[in-house]
*Asks:* 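Would you mind keeping the following structure in view while I ask a few things?
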Amino acid sequence: MVDAATLHGAGPGPALTIDQTVRIGRLTLRNAVMPASGTFAETLAGIVPFEQLGALVTKTVTPQLRGGNPTPRVCEVGQGMLNAIGIPSKGLDHFVAETLPLYRGVPTPLVASVSALSADAFADAVRRLDVPGVAAIEANISCPNIEEDGKAFAMDPRPTALVVEKMRRATSLPLWVKLSPNTGDVASVARAAEAAGADALVVANTILAMSIDIETFRPRLGNVMGGLSGPAVKPIVVRMVYQCARAVDIPVIGCGGIATAADAVEYMLAGAAAVQVGTATFVRPTAMLTVIDGLVDYCRRKGFARVADLTGAIHDADLTVDTHEAAS
Amino acid sequence: MVDAATLHGAGPGPALTIDQTVRIGRLTLRNAVMPASGTFAETLAGIVPFEQLGALVTKTVTPQLRGGNPTPRVCEVGQGMLNAIGIPSKGLDHFVAETLPLYRGVPTPLVASVSALSADAFADAVRRLDVPGVAAIEANISCPNIEEDGKAFAMDPRPTALVVEKMRRATSLPLWVKLSPNTGDVASVARAAEAAGADALVVANTILAMSIDIETFRPRLGNVMGGLSGPAVKPIVVRMVYQCARAVDIPVIGCGGIATAADAVEYMLAGAAAVQVGTATFVRPTAMLTVIDGLVDYCRRKGFARVADLTGAIHDADLTVDTHEAAS
Amino acid sequence: MGQTISFQPVRHGAAAQAGGAPAAGPQGPGPGPAQQSAAMPHAPSLPAAPHVADVLGVVVSHVWLNDEYRHLVLEAPEPAPLAQAGQFFNLECPHTAEDKPFLRRPMSLYRADPAYGRVEFLYKVTGVGTRALASIKVGRTMRLLGPLGVGFSIPETAKDIVVLGRGVGLATLAPLAEMAAARGIGVTAILSARSAAMVMSVERFAAIGARIRVVLDTDGSSDPVNVEMLLRDAAAGGRADAFYTCGSNRLMLLMQRIGRELAIPGEVALEQQMACGLGMCFCCVRNFSVDGAVEARRVCTEGPVFPLDEAMPW
Amino acid sequence: MGQTISFQPVRHGAAAQAGGAPAAGPQGPGPGPAQQSAAMPHAPSLPAAPHVADVLGVVVSHVWLNDEYRHLVLEAPEPAPLAQAGQFFNLECPHTAEDKPFLRRPMSLYRADPAYGRVEFLYKVTGVGTRALASIKVGRTMRLLGPLGVGFSIPETAKDIVVLGRGVGLATLAPLAEMAAARGIGVTAILSARSAAMVMSVERFAAIGARIRVVLDTDGSSDPVNVEMLLRDAAAGGRADAFYTCGSNRLMLLMQRIGRELAIPGEVALEQQMACGLGMCFCCVRNFSVDGAVEARRVCTEGPVFPLDEAMPW
Ligand SMILES: Cc1cc2nc3c(=O)[nH]c(=O)nc-3n(C[C@H](O)[C@H](O)[C@H](O)COP(=O)(O)OP(=O)(O)OC[C@H]3O[C@@H](n4cnc5c(N)ncnc54)[C@H](O)[C@@H]3O)c2cc1C
Ligand SMILES: Cc1cc2nc3c(=O)[nH]c(=O)nc-3n(C[C@H](O)[C@H](O)[C@H](O)COP(=O)(O)OP(=O)(O)OC[C@H]3O[C@@H](n4cnc5c(N)ncnc54)[C@H](O)[C@@H]3O)c2cc1C
Ligand SMILES: Cc1cc2nc3c(=O)[nH]c(=O)nc-3n(C[C@H](O)[C@H](O)[C@H](O)COP(=O)(O)O)c2cc1C
Ligand SMILES: Cc1cc2nc3c(=O)[nH]c(=O)nc-3n(C[C@H](O)[C@H](O)[C@H](O)COP(=O)(O)O)c2cc1C
Ligand code: FES
Ligand code: FES
């Protein structure tokens, strides 16, 4: 680990060329910034040139057609939003036949996000996604496991290990596993995913939350509960990225409330090798471009030659964590 | 459950006298509003008349003297704050001998918050707190259990059941159990606490989080991680209160990000029988008084005769929760 | 940029209905991705997208029209002023001491003026977003993403159309009436409102020579029975080659029923809570009834203008 | 209200040190709760609290003193203008488009004027809170909680004191110098700053006839060796019955060393991140060295003024 403050605290350096590439397992990405699943689609092409992004992550697709949740599917809460979309999906076949070809010719790795309701269905889906045009698979395991009474895979290490093992055997593509923040022990889940063969972890999905309209007494989402995203979740997910990065040796991709380069830097210092931008794109469609440029500016100002050097560059060697404080 | 929109949606009613009392087990409180542990002390007396509050909840006390965490112990993050105080405590004897007598003559139930490092130590502490002047005990079980390798009791149903059972046998005082939001399944923990004899649940303590200063590369708390509180946590904890209130029959006291009467109403609609105000008191020392008055105004405007009628008055009968959405 | 990634909104609507096949609307020909599998199953290379951008506009006028509605005029670079009737923008509202809207707010185009580089909006001050929006002063800048979505289309063969709007829906229909007039198409405008003070845009309908029928709650003339009579009159008089509506569930259902009965094609502009406005988040779906089946569509990209016949009440 | 719940800050400091026992400072006699167990183990009934309230102040003046420091004058109801030197307030800073401070910010009293109902602050524009604070305009209101904490105390027997401050610490010492002068006590003021432009409050020290020594980084006169000489001069001249310092770790250590060597009692005003300002949250602790042991104390209630001898470097 580079002693960043000592080596790099010297203020504006020369107009260095900053190496923006980051490695996620055997994939080398142009830069550290990519969209979060469900907050990106082809329609963004006119606004964000796809060849400037580190990777493209598609909306989670399920094996079969799914309808999604009743409306309202979204509401804002302070500096964040709740969504209960429910993963509407046209199914895997449609994805392979219709969506994938749209990205032909785009020189950016395409990461296909997938979800299923059992470990076998996950493995089968991953097998079907192992096709040209897919650079990596992101397994969204924050979904209910019908074999465990609907409890999400990513809530516990054991079902996580099981589903990741089965997926691992089903593909030789890089396998990213997206964890849920709705667990008491994300580091153990991370270790389980690594041991079962994940090539990288995405930390994290949305935090289960709820809001009620006090004028109408109605939940503000048709599904009653939904996932919290946006700036409000950042301190919680930065903590999870820090915990996971210390627990595993595979790359951790940070995701939760990133809107600015400063947010991305914070995640990378905590241990993230790359970042995903979700909700911020809704608020400012060009947010990812701002983050990319800002990371370069930051590295230049702080004297880092490579964006990748930010990963884990937190200065915490002299500090210890008192777990009593998990609680107040 | 009262069909509030039908009965009570009629706009400003007559200048009704609103019944503000709420029942928490066998205790009847003057009103639904009390401070959260660790955000209140005798020093507030000059600013908030204690006899106007529903209850007084003291800072968590531990059996022995404890020092607390290194500084910085606090930082702000968006619309919230992180703290890593670490429960400095002068010990139980000091609490009973020095703190309790200060509240003699205050006509408001005093709730003593307590924490310990094993189930037996908890039981012993509760026994020692069963003294005149203590109206109820709030067990802060979001702390590490040394018999479970430092994992917090409130992270899982089993250790929760064990510690609550032992405390239950140690006192006949009302026993409130304060849950942790840092668990994947708060409803199961709630059920375990109820089954083991808790009289009420407080939902919830702070959410484990972290922030890094990107100029210095240092964690912004001396303890690296700390607890997130304030408006940022509200949608997450409202969801937990809703889940717990549906899971148990004992009263649930909502706590997390409450700063206004509207926040308190939202918690009560979700199922809370009373609320605790924490961080908001730091920002506005008179916040609890504003919440008390605002609850009465709201009831009057919406035609509720009793503040207690707000509890669980959410209109959700026609809705179902798709757990798939826990995830996006 | 890979040429294969170029999108455009879906074409459907009155023109398609009337012509019986996808017609060339203002946004260009052919089906979009959502209908692509049906129309041309393996056509990954799509025509160039109508230009959408997130631009910085400058407020040049911002006035109250009555107690509830405000009229906002922005000077904004292209493509904003190229917006078509029925399209919308996603507006970044400012923050005030009380109101800090997090997401953008979608607003229909009220007027676009490419010559002067202007776009206009008309909105009702309702909640967090519009209260904050109402605070913006002349000279200030704000971001607007657009033009978004599919606008209105008028069948090639139409000579006379009927627009029926209520409340802020009137604002959405005004540019449609002007588009019709520009093509020499006659317009009957039934404008419904709570009271005379709440009828907006009458002068714009008047300026294009529309036959204007103002119906009000205050004198009972907005009653569905009366509106139905007005619609039937227009049809009987041969002045209803297409129906258009916006702003009221009840009026939409009425116009849909009569449209079906009299085989008049129509379009309705719908709303739904949105996050991205760009077809990415799937927040903004509404259900439509298509050949007896219920189908969810995104208001932001497959709409906000939809075939009247397929709309479902909300 | 139960009479048993009435609190007051802890008394300690130079007066206590000098007198060898808790002395009657401006906030009334006797130890507070934190020292209570030692002093009187079972005395639940405490004397009446010095009045603290969260009041609404009106900005009557707010100017830049130099590139970094601003001077804020508020008109505020009692008890605010009754604040004593060394006490502080917890200020609710406004929100701006860029800066939205969540917690309040503690600020030392710069001047209190009970006759005119005014309190003044002097602050350095540093981060989120002070940038936001800097935006507040004359005529606007803001909440201030106070007066808080334990202020400076001067030993009964003192005839001459030395104050040594740097940066914004000078602001905290100015009202102490005036309090001393009002009691006929002589003041030597050593004012340290980066450059001449950054020396603040000289006129206030001058107005009370203090012997002023300005020491600067620009000409090297702020060097500890020189400051040490000035301190020893004052002591040698019999003008150092008590030492006071604020604003620099290095100067605190220097003054502490010389104070110990020459047996001169002293006080230091300290800072620490705060949340409540009221002794409730235990965020604001600092370590002190008391009889060889390290003891954590809350800056907000047990300070912010502490015995110089017990302070530890930060
Ligand atoms: C395509 C489209 C075009 C629109 N055009 C206009 C227009 O020209 N003029 C105008 O005044 N308004 C228009 N709206 C509605 C507008 O986007 C806002 O929803 C509305 O102004 C209220 O927003 P608010 O922030 O003030 O209220 P909020 O406090 O956010 O919401 C008030 C109420 O409106 C609901 N709501 C919020 N957003 C939407 C939405 N997008 N659709 C439906 N309900 C919503 C909320 O759930 C809440 O019940 C349009 C909406 C869409 C989808
Ligand atoms: C009793 C007391 C009296 C004070 N009096 C004055 C005064 O008269 N004038 C003045 O300019 N400042 C004073 N301060 C400091 C002031 O409260 C602010 O911390 C400082 O102005 C920076 O705040 P900010 O919001 O601009 O910066 P932030 O962005 O909040 O913080 C900037 C840096 O200061 C640190 N910091 C924040 N709060 C504190 C704090 N309370 N103590 C120490 N470090 C902190 C942060 O960790 C960060 O490193 C006082 C502090 C205390 C505790
Ligand atoms: C509207 C919406 C839809 C989402 N859909 C998905 C999804 O399909 N699959 C998935 O793994 N995550 C999904 N997410 C979660 C995001 O990918 C991301 O993990 C989360 O929003 C946190 O990041 P953010 O704060 O930057 O938005 C969705 C989030 C939002 C807001
Ligand atoms: C500074 C601080 C100290 C706290 N100390 C305790 C404590 O000692 N015991 C406890 O059970 N909770 C403690 N809490 C948690 C609060 O009681 C409360 O559960 C949490 O802050 C959420 O509520 P809020 O958002 O209203 O602050 C503390 C919170 C803060 C901010
Ligand atoms: S608003 Fe995001 S898909 Fe329509
Ligand atoms: S700031 Fe809360 S105890 Fe000092």
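Please read these numbers as outputs of a predicted model, since none were measured by experiment. Within every chain, numbering begins at 1; the chains are lettered A, B, ... in the order of the sequence lines, protein sequences first and strands thereafter.
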*Asks:* Given side chains that start at C-beta, do those of A:Ser211 and B:Glu266 come closer than 4.5 Å, heavy atoms only?
*Replies:* yes
*Asks:* Are B:Pro219 and A:Leu319 side-chain neighbours, meaning at least one heavy-atom pair lies under 4.5 Å?
*Replies:* yes
*Asks:* Between A:Asp316 and B:Phe217, is any pair of side-chain heavy atoms under 4.5 Å apart?
*Replies:*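 No, too far: nothing below the 4.5 Å cut-off.
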*Asks:* What are the two closest non-hydrogen atoms of B:Arg239 and A:Asn182, and how far apart are they?
*Replies:* NH2-OD1, 3.9 Å
*Asks:* If I measure from the heavy atoms of chain A, does B:Asp318 come under 4.5 Å with its side chain, its backbone, both, or neither?
*Replies:* side chain
*Asks:* For B:Tyr267, is it the side chain, the backbone, both or neither that has a heavy atom under 4.5 Å from a heavy atom of chain A?
*Replies:*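 It is neither, since no heavy atom gets under 4.5 Å.
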*Asks:* Between B:Tyr242 and A:Ile212, is the side chain to side chain contact (heavy atoms under 4.5 Å, CB included) condition met? List the steps.
*Replies:* CA-CA 11 Å; B:Tyr242 178 78; A:Ile212 306 170; 5.6 Å; no
*Asks:* By a 4.5 Å heavy-atom criterion (distance strictly below it), what part of B:Ile214 contacts chain A: side chain, backbone, both, or neither?
*Replies:* both
*Asks:* Carefully, step by step, assess A:Met155 and B:Thr183 under the rule side chain to side chain contact (heavy atoms under 4.5 Å, CB included).
*Replies:* CA-CA 9 Å; A:Met155 270 177 58; B:Thr183 170; over 6 Å; no
*Asks:* Name the member of B:Val238, B:Leu221, B:Asp185 that forms the most heavy-atom pairs with chain A at distances under 4.5 Å.
*Replies:* B:Val238
*Asks:* Quick one, A:Met210 and B:Gln243 - any side-chain contact, counting heavy atoms below 4.5 Å?
*Replies:* no
*Asks:* Indicate yes or no: at least one non-hydrogen side-chain atom of B:Val233 is less than 4.5 angstrom from one of A:Ile236.
*Replies:*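 Not touching, per the 4.5 Å side-chain cut-off.
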*Asks:* Taking NZ, NE, NH1 and NH2 as the nitrogens, is one of them in A:Arg301 or B:Glu215 under 4.0 Å from a carboxylate oxygen of the other?
*Replies:* yes
*Asks:* Tell me, out of B:Gly38, B:Ser37, B:Gly222, B:Ala154, who's got the most heavy-atom pairs with chain A below 4.5 Å.
*Replies:* B:Gly222
